[in-house]
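Everything on this sheet refers to the single structure shown next.
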Amino acid sequence: MPDHALLLVSSMLVVVMAHLSCADGAVGTGKSKISAVFMFGDSIVDPGNNNNRLTEARANFPPYGQDFPGGKATGRFSNGRVPGDMLGWSPTITKGKEKGRKPGFLHNFEEKLITLVGEEEATRVISEGIYFTAMGANDIANNYFSIPLRRHQYDLPSYVNFLISSAVNFTMKLNDIGANRIGFFGIPPIGCCPSQRKHGSRECDTLQNQAAELFNSGIEKEIERLNAERNVHDSRFAYLDIYYNLLELIQQHDFYGFKEVTEGCCGSNVLNAAIFIQYHPACPNAYDYIFWDSFHCTEKAYNIVVDEIFQQNLHYLM
């Protein structure tokens, strides 16, 4: 299975590479050096990699970005910043030259980094970097529940196990090329996204949330195994729980200052996202909403969730 297979989101294929300037040297954390921060994921963390691709999965136009500095639509699927921004660095968009064959993600990643800084420096940057992966949500919401093909091939537990195996394989290959600190974001409660809720009642889709929980529990166990097996070279893996942090935000929305949970600021059905809302007006009060479009959160919601995750887990990777 190719390295990038788990990141296929309908027609969306995204790599986010967020890094500190190599010229600035490593950043001291008190425990170890951090040369760079890299994030592999889907639209939740995309800072604009899809802007120049021939795909409907883009966000480089209003109303996206209305609350980003300068009010600029950068390609982020939110009204402002996304999780990668909130972890303390500025994303740099990697632009691939994918003519002819399509390389696996990690091979492409190494090639780009070597081209950028040279082979020796790339080795150092990779070994001293921190890595984050966010995958699986769109495979469940779109590739399983929205498209019938996968449901004819797998029952839900089997499909989730397939995704877990693919995710672990990707993580191990990342570790094999020298990545020693890897944080794995779990799948959020996708059944509570506006586009996935049960129409009419507007209740969360229980089955999709159960699929997310099944995936997350499996990934958490695999991460424990990797920590036990791969700690010889100071490799560290951490599970980052976005599921229950976002679910708490939804269930306790009044406490966090949100007024709207079931609707997105830009709409709530499956077509209220990406190019389908290009130049459409958004709600006037995004601060009251957990969700910006029918699938992605507002900057305010992301900020609260990422802050909780940072306090709970990220110290382990630092």
Side-chain angles (χ1 to χ4, degrees), residues 14 16 18 37 39 41-48 58-91 132 134 137-138 141 183 185-197 202 204 209 212 240-269 272-274 277 279-314:
V14 177
V16 178
V37 180
M39 185 173 286
D42 52 27
S43 59
I44 292 176
V45 296
D46 183 17
R58 290 182 286 109
N60 56 332
F61 39 74
Y64 291 108
Q66 69 173 30
D67 299 309
F68 194 77
K72 183 178 180 181
T74 59
R76 290 165 170 82
F77 287 79
S78 185
N79 61 310
R81 299 178 302 154
V82 293
D85 303 310
M86 297 166 185
L87 293 171
W89 50 83
S90 299
F132 296 95
N138 288 291
F185 282 93
I187 295 178
I190 50 179
C192 294
C193 295
S195 61
Q196 308 303 311
R197 286 174 178 262
R202 304 306 297 161
C204 296
N209 279 354
L240 309 177
D241 175 29
I242 194 172
Y243 184 95
Y244 287 106
N245 283 308
L246 181 54
L247 189 63
E248 180 183 351
L249 206 65
I250 293 169
Q251 294 175 339
Q252 307 294 329
H253 57 276
D254 289 336
F255 175 79
Y256 291 98
F258 294 100
K259 296 179 181 178
E260 181 52 62
V261 177
T262 65
E263 303 286 329
C265 182
C266 297
S268 302
N269 65 50
N272 291 135
I277 59 169
Y279 298 109
H280 287 196
C283 67
N285 52 339
Y287 198 75
D288 292 336
Y289 285 71
I290 288 180
F291 291 95
W292 170 245
D293 60 19
S294 63
F295 198 81
H296 307 91
C297 290
T298 58
E299 177 182 318
K300 177 184 174 183
Y302 278 139
N303 196 49
I304 294 171
V305 170
V306 170
D307 185 62
E308 287 294 323
I309 291 173
F310 190 95
Q311 294 183 47
Q312 292 166 359
N313 303 99
L314 287 186

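Just so it is clear, the values below take in all heavy atoms, side chains as well, and ignore hydrogens, waters and symmetry mates. On a predicted model such as this, the values are computed, not experimentally measured, just so you know.
Atom CZ of Phe61 sits in a crowded spot, with more than 12 heavy atoms from other residues, nucleotides or ligands closer than 6.0 Å. Residue Tyr287 qualifies as open at atom OH: its count of foreign heavy atoms under 6.0 Å is 12 or below.
Proximity of a side-chain donor or acceptor of Ser78 to a complementary backbone N or O of Cys297 within less than 3.5 Å is detected. Panel note: side chain Ser294, backbone Ser195; no donor-acceptor pair is recorded below 3.5 Å. A distance-only check finds no donor-acceptor pair linking the side chain of Thr74 to the backbone of Gly48 [under 3.5 Å]. Under a 3.5 Å cut-off, the side chain of Arg81 and the backbone N or O of Asp67 do not form any donor-acceptor pair.
Side-chain contact check for Glu263 and Ser268: at least one donor-acceptor pair (N or O, by modelled atom type) lies under 3.5 Å. At a cut-off of 3.5 Å, with distance as the only test, no side-chain donor of Tyr302 or Asp85 sits close to an acceptor on the other residue.
For Asp307, the side-chain contact (heavy atoms from CB on, under 4.5 Å) partners two or more places apart in sequence, or in a different chain, are Gln311. Applying the side-chain contact (heavy atoms from CB on, under 4.5 Å) rule to Asn209 yields the partners Pro189, Cys192, Cys204, Tyr243; only residues at least two apart in sequence or on another chain are considered. Listed by chain and residue number, Asp241, Val305, Glu308, Ile309, Gln312 satisfy the side-chain contact (heavy atoms from CB on, under 4.5 Å) test with Asn245 (two or more places apart in sequence, or in another chain). By the side-chain contact (heavy atoms from CB on, under 4.5 Å) test, Asp254 is found to be paired with no residue, residues two or more places apart in sequence or in another chain being considered. Arg197 is linked by a salt bridge (Lys or Arg N to Asp or Glu O under 4.0 Å) to nothing, counting only residues two or more places apart in sequence or in another chain. In this structure Tyr244 satisfies the side chain to side chain donor-acceptor pair (under 3.5 Å) test together with Glu213, sequence neighbours excluded.
Across the pair Cys283 and Cys265, the gap between the SG atoms, which is the quantity tested here, stays under 2.5 Å.
Taking the side chain as every heavy atom from C-beta outward, Phe132 and Leu240 approach each other to under 4.5 Å.
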Working for side-chain contact (heavy atoms from CB on, under 4.5 Å), residues His280 and Cys266: CA-CA 8 Å; His280 287 196; Cys266 297; over 6 Å; no
Derivation of the side-chain contact (heavy atoms from CB on, under 4.5 Å) call for Phe258 and Ile250: CA-CA 9 Å; Phe258 294 100; Ile250 293 169; over 6 Å; no
Intermediate values then yes/no, side-chain contact (heavy atoms from CB on, under 4.5 Å), His296 and Phe291: CA-CA 6 Å; His296 307 91; Phe291 291 95; over 6 Å; no
Stepwise side-chain contact (heavy atoms from CB on, under 4.5 Å) test for Glu299 and Trp292: CA-CA 8 Å; Glu299 177 182 318; Trp292 170 245; over 6 Å; no
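In this structure, Asn79 CG and Tyr289 OH are separated by 12.0 Å, a value rounded to the nearest 0.5 Å. Annotation: the span from Gln251 atom CD to Tyr256 atom OH amounts to 10.5 Å, rounded to 0.5 Å. Atoms CG and CG, from Asn60 and Asp46 in turn, are 9.5 Å apart once rounded to the nearest 0.5 Å. In this structure, the separation between NZ on Lys259 and CD1 on Ile290 is 13.5 Å, given to the nearest 0.5 Å. To the nearest 0.5 Å, the span separating CG on Asp293 from OG1 on Thr298 amounts to 10.5 Å.
Taking every heavy atom of both residues into account, Pro188 and Ala137 meet most closely at CD-CB, 4.2 Å. For Pro63 against Ile277, the heavy-atom pair with the smallest separation is CD-O, 3.2 Å. The two residues Gln66 and Ala286 make their nearest non-hydrogen contact at NE2-CB, 4.3 Å.
In this pair, Phe77 and Tyr64 present their aromatic rings perpendicular. The plane angle is above 60°, beyond the 30 to 60° band.
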